[in-house]
Amino acid sequence: MDAQRKVLIRRTPPDESQMVRRTVQGLFFVLNLWIGAQFYFFVRGVETGSGGWTRPAGVEGWLPIAGMMNTKYFLLTGEVPGVHPAAMFLFAAFLGMSLLLRKAFCGWLCPVGAVSEQLWKLGRDTFGRNFSPPRWIDVPLRGLKYLLFGFFAYAVAGMDAADLRAFLHSPYGVLADVKMLDFFRHLSVTAAIVLTVLVAASVFVRNFWCRYLCPYGALMGIASLLSPLRIRRNAERCIDCAKCARACPAKLPVDTLARVRSAECLGCMECVAACPAEGALAMAAPGGREVRPWVMAAAIAAVFLGVVGFAMVSGYWEGTVPEAVYRRLIPIMAELGHP
Ligand code: SF4
Ligand code: SF4
């Protein structure tokens, strides 16, 4: 290493990307906890007859398939759907984020991604490392999430506007969020075993669920290929230490690439934070202009708040299903089959 390169090694000022990202991640996690608690008390209020809580439309962010269906319904008819419209707006916001800011939804917002990240960091701190399945297993396993996404996309693609409306307006479609809550409230033995295996695997393998199984992440990854942002490495300043590749939760070979174009890149900037060489690695916009972490955070907030704010102000955020329908359907939910 020559003298000039040594001078470049100390980074000033210290990288703040992970502090900014974790703050955004933490705030979104708390928002989801609050929405989850509100929804739980709303359902309990209906079940016990005590009432007192309003159903938070934000819970529909956990209904990505309803989001896909409603987006297609809107594109076919020009009508904002009356059942789970917030699912459509949130789907559009997260997809828009990926188109602009790589998989920023996965790396900066998703609560499942946040938990997953804490689990593999716990594993790394406990065992001194995470484990990587060999490439011949890793590559086909990564394809699973695209297969799962393909299955859902195929099912939605085969539905016309009438089918979509019939599904979403059926009692099953209306109660999709309550059914999801019940999945966790009354966890079956099989589901408990599957969740335990996923949690255990996430401790050993970085982002196990996101890397191999999440169909939503697969869609975000495909959309992120169109994002104008890229992690860029300046080979002139790089000292070939490979710290970026070791830090990358997606296990991308950042140290050997000039630009990271992969659909697996979360836009998390862990690689940038790990890089010790001044100016060697950055999130960059077209033309090579560096995108600072707070600019990423501001852009994520602008897309999210812009879309949700528009839906609220225009009166489309809340669905048209009256509370009386929930009061009628929730007590007979166990009898409702798939339409
Ligand atoms: S390349 Fe960098 S930004 Fe992309 S996933 Fe890896 S660490 Fe995160
Ligand atoms: S870009 Fe990667 S390999 Fe190059 S100096 Fe930075 S961390 Fe080391």
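One-based numbering, in listed order, for ligands and for the atoms of each.
Comparing G267, A247, C265 by heavy-atom distance to atom 4 (Fe) of ligand 1, the nearest is C265.
Counting atoms of ligand 1 from 1 in the listed order, those under 4.0 Å from a heavy atom of C248 are 1 (S), 5 (S), 6 (Fe), 7 (S). For ligand 1, the atoms lying closer than 4.0 Å to a non-hydrogen atom of M269 are 3 (S), 8 (Fe). Atoms of ligand 1 found under 4.0 Å from any heavy atom of P249, numbered from 1 in the order shown, are 7 (S).
Under the 4.0 Å criterion applied to side-chain N and carboxylate O atoms, R292 and E16 are assigned as salt-bridge partners. A salt bridge does not link D255 with R246: every distance from a Lys NZ or Arg NE/NH1/NH2 to an Asp or Glu carboxylate oxygen is 4.0 Å or more.
In F151, the CZ atom is not crowded: 12 or fewer heavy atoms of neighbouring residues, nucleotides or ligands sit closer than 6.0 Å.
In terms of protein heavy atoms, atom 5 (S) of ligand 1 is closest to L266 N, 3.2 Å. The protein non-hydrogen atom at the shortest distance from atom 8 (Fe) of ligand 1 is C268 SG, 2.3 Å.
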Item to complete: Walk me through it: do Y216 and F149 pass the test ring pair (Phe, Tyr, Trp, His ring centres under 6.0 Å)?
Response: CA-CA 7 Å; Y216 207 41; F149 168 67; 9.0 Å; no
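Counting only N and O atoms by type, the side chains of W120 and N207 include a donor and acceptor under 3.5 Å apart. A donor and an acceptor atom, one from each side chain of S50 and T48, are located under 3.5 Å apart.
In this structure the side chain of K103 never reaches within 4.5 angstrom of the side chain of C265, judged on heavy atoms.
The only option from R21, R206, K243 that meets the salt bridge (Lys or Arg N to Asp or Glu O under 4.0 Å) definition with E270 turns out to be R21.
Other cluster members for M19: none, since no ILVMFWY side-chain heavy atom sits under 4.5 Å from it.
Neighbouring protein atoms of atom 2 (Fe) of ligand 2 (N, O or S, distance under 2.8 Å, waters ignored): C244 SG.
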